[in-house]
Q: 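This is the structure I have questions about; it appears just below.
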Amino acid sequence: MARKIGSRYTAHQILGRGSAGTVWLGEGPEGPVAIKLMREDLASDQELVGRFVQERTALLGLDHPHVVGMHDLVVDGNDLALVMDLVRGTDLRTRLDRERRLAPEAAVAIAADVADALAAAHAAGVVHRDVKPENVLLDMQGPLGPGGSHPALLTDFGVAKLVDSPRRTRATKVIGTPDYLAPEIVEGLPPRAAVDIYALATVLYELLAGFTPFGGGHPGAVLRRHVTEAVAPLPGIPDELWQLLIQCLAKAPASRLRASELAERLREQLPQLAGMPPLDVDEPDAESDEDEPAEDRPTAAEQPGPQPRRGAVPLVPGSATDSNRDTHTSMRVPEPDELAGGARGTARVPRASGAPRPGSARHRAAMVARRRRLALGAAAVAVVAAVGVGGWLAVSDDDADATPRERTSTSPVAP
């Protein structure tokens with residue numbers, strides 16, 4: 001059902017839904033457009049609308065081939081809408097859901113396009129703050145690039161900042177999507193351009209591996225891993241590309257590359273990636289399976305319904321992990337001792353096949369059993385020692401009554 005958006009635009013049909021609003025196929029004075037109609041609670045917050053209007057000039061001024069351009073901002077009654085370019089294609093999350101992982105050449109080409117978009121935004125003083133596959137659109141009508149990749153365009157600039165208003169959060173809150181949050185945000189520092197580089201490196205890792213480097217399990221565990229864990233290596237990619245990845249996933253923001261440098265370095269990698277097939281790497285065990293023996297876990301074929309994607313975690317308990325899941329989470333910033341992992345920890349360290357994860361229920365049960373075995377072993381040693389001492393005393397008493405010749409006869413006879 002069509003609906004009017006302000007006086008210039010008409011929304012015809014829904015293209016997709018997200019946590020911040022609904023995207024419609026619309027029509028404007030210059031032809032087809034995409035209209036992102038924000039949630040009513042966001043549109044009715046006058047302080048929030050005022051903050052977004054202040055950013056209007058910067059957002060409308062982002063003109064770049066790899067940025068989804070914004071044409072207008074409509075504030076009309078209870079409607080708050082972003083009018084954007086209509087991209088004929090799909091988003092990167094949909095492609096990942098279909099293919100799981102991409103060939104390295106295509107993955108790096110897409111990441112380079114996004115890095116170009118971030119370079120333009122950062123030069124204009126705009127930090128995206130929510131770089132992830134859902135916010136990368138693939139233009140299916142554009143020319144094919146390296147590895148058969150379609151041109152990638154970054155969208156949803158300003159939405160994370162829109163949601164993160166003073167009335168909605170305080171310094172003790174975390175705003176963002178857990179799998180892609182830079183460590184400094186988890187620690188409560190203000191987001192700078194480097195957070196976008198970290199998020200893009202996380203996206204590239206996911207495109208190559210099929211899962212994010214620190215994702216899986218409860219969002220709190222994911223946040224802790226960003227701060228405390230080193231990224232697990234990806235076998236099979238050139239060392240130069242790997243070094244580039246880990247530099248952009250550095251815990252210290254100052255150690256990461258700038259967006260323009262990252263785009264240039266990524267494109268330098270393309271020739272040696274030509275023709276390389278997607279990586280064949282093992283996905284980390286899901287945290288929810290750690291308390292269950294591997295042989296007792298149901299196989300993918302035995303599990304009913306669609307299987308959850310390990311690339312990201314749902315932010316609302318019980319929600320489906322699909323492309324329409326909630327975009328942001330608002331969580332308390334963990335205390336320093338919590339970020340250190342505590343007694344149980346969350347680190348997914350390398351371990352033997354079938355061995356329990358440190359801190360899991362299986363690991364604790366194994367430790368209890370081990371302590372019980374040690375206690376029983378110590379008791380057995382004490383009993384044996386007591387018997388041995390008793391026997392030695394008995395022999396000593398017998399020896400005391402023996403003659404010197406008799407005692408000597410007990411010694412081993414030399415050959």
Side-chain angles (χ1 to χ4, degrees), residues 91-108 110-111 114 130-136 152 176-183 186 197-237 241-242 244-246 248-249 251 273 276-290 292 294 297-300 303 305-315 319-327 329 346-351 353 357 360:
D91 62 61
L92 188 54
R93 171 61 64 207
T94 300
R95 182 171 178 185
L96 269 179
D97 286 343
R98 183 176 66 247
E99 302 179 27
R100 189 181 180 191
R101 57 176 69 97
L102 307 185
E105 185 181 13
V108 169
I110 290 172
V114 177
D130 199 22
V131 177
K132 59 183 179 181
E134 286 83 349
N135 287 335
V136 177
T177 306
D179 282 44
Y180 309 93
L181 277 178
V186 180
I197 303 302
Y198 185 92
L200 177 54
T202 302
V203 170
L204 177 55
Y205 188 104
E206 183 178 9
L207 295 180
L208 294 167
F211 51 86
T212 55
F214 302 114
H218 188 275
V222 177
L223 298 182
R224 186 183 295 119
R225 292 187 199 117
H226 282 295
V227 177
T228 63
E229 288 193 19
V231 60
L234 282 179
I237 64 173
L241 176 58
W242 174 243
L244 187 59
L245 259 178
I246 61 176
C248 293
L249 288 171
K251 307 301 182 187
L273 300 175
M276 184 179 294
L279 301 183
D280 183 13
V281 292
D282 290 331
E283 189 171 346
D285 294 334
E287 193 170 283
S288 59
D289 290 340
E290 294 293 346
E292 186 178 5
R297 297 176 197 163
T299 63
Q303 292 180 356
Q307 302 307 307
R309 174 176 48 78
R310 274 277 289 108
V313 296
L315 306 183
S319 65
T321 52
D322 60 15
S323 61
N324 293 327
R325 72 184 188 279
D326 272 357
T327 300
T329 185
T346 60
R348 299 170 296 171
V349 297
R351 59 188 187 277
S353 177
R357 175 180 59 82
S360 68

Q: With sequence neighbours left out, what residues match Tyr198 under ring pair (Phe, Tyr, Trp, His ring centres under 6.0 Å)?
A: His226

Q: Within this structure, what is the CD1-OG1 distance for the pair Ile197 and Thr202, rounded to the nearest 0.5 Å?
A: 11.0 Å

Q: Can Asp97 and Thr94 be counted as having a side-chain donor-acceptor contact under 3.5 angstrom?
A: no

Q: Calculate, to the nearest 0.5 Å, the distance between atoms CG and CG belonging to Leu241 and Leu204 respectively.
A: 6.0 Å

Q: Heavy atoms only: give me the nearest Arg101-Leu208 pair and the separation to one decimal.
A: CD-O, 3.5 Å

Q: Could you give the distance from OH (Tyr205) to CG (Asp179), rounded to the nearest 0.5 Å?
A: 12.0 Å

Q: Quick one: does Arg225's side chain have a donor or acceptor within less than 3.5 Å of a partner on Gly216's backbone?
A: yes

Q: Quick one: does Thr177's side chain have a donor or acceptor within less than 3.5 Å of a partner on Tyr180's backbone?
A: no

Q: Output yes when a side-chain donor or acceptor of Asn135 lies under 3.5 Å from a complementary backbone atom of Asp130, and no otherwise.
A: yes

Q: Supply the atom-to-atom distance Leu207 CG to Arg95 CZ, rounded to the nearest 0.5 angstrom.
A: 8.5 Å

Q: Could you walk me through whether Val203 and Leu92 satisfy the side-chain contact (heavy atoms from CB on, under 4.5 Å) test, starting with their C-alpha distance in whole Å, then the side-chain angles of each, then the deciding distance to 0.1 Å, before giving a yes or no?
A: CA-CA 10 Å; Val203 170; Leu92 188 54; 4.2 Å; yes

Q: Might you point out which heavy atoms bring Ala152 and Val136 nearest each other, and give the distance in Å?
A: CB-CG1, 3.9 Å

Q: Mind listing the closest non-hydrogen atom pair of Cys248 and Ala201 along with its distance?
A: CB-CB, 3.6 Å

Q: Are the side chains of Phe214 and Val231 in touch, meaning some heavy atoms are under 4.5 Å apart?
A: yes

Q: So which heavy atom on Pro104 is nearest to which on Leu279, and how close?
A: CG-CD2, 4.4 Å

Q: Report yes if the side chains of Ile110 and Leu102 come closer than 4.5 Å at any heavy-atom pair, otherwise no.
A: yes

Q: Looking at every heavy atom in both Glu229 and Lys251, which two are closest together, and how far apart are they?
A: O-NZ, 2.6 Å

Q: Can you see which heavy atom on Pro183 is nearest to which on Val227, and at what distance?
A: O-CG2, 4.1 Å

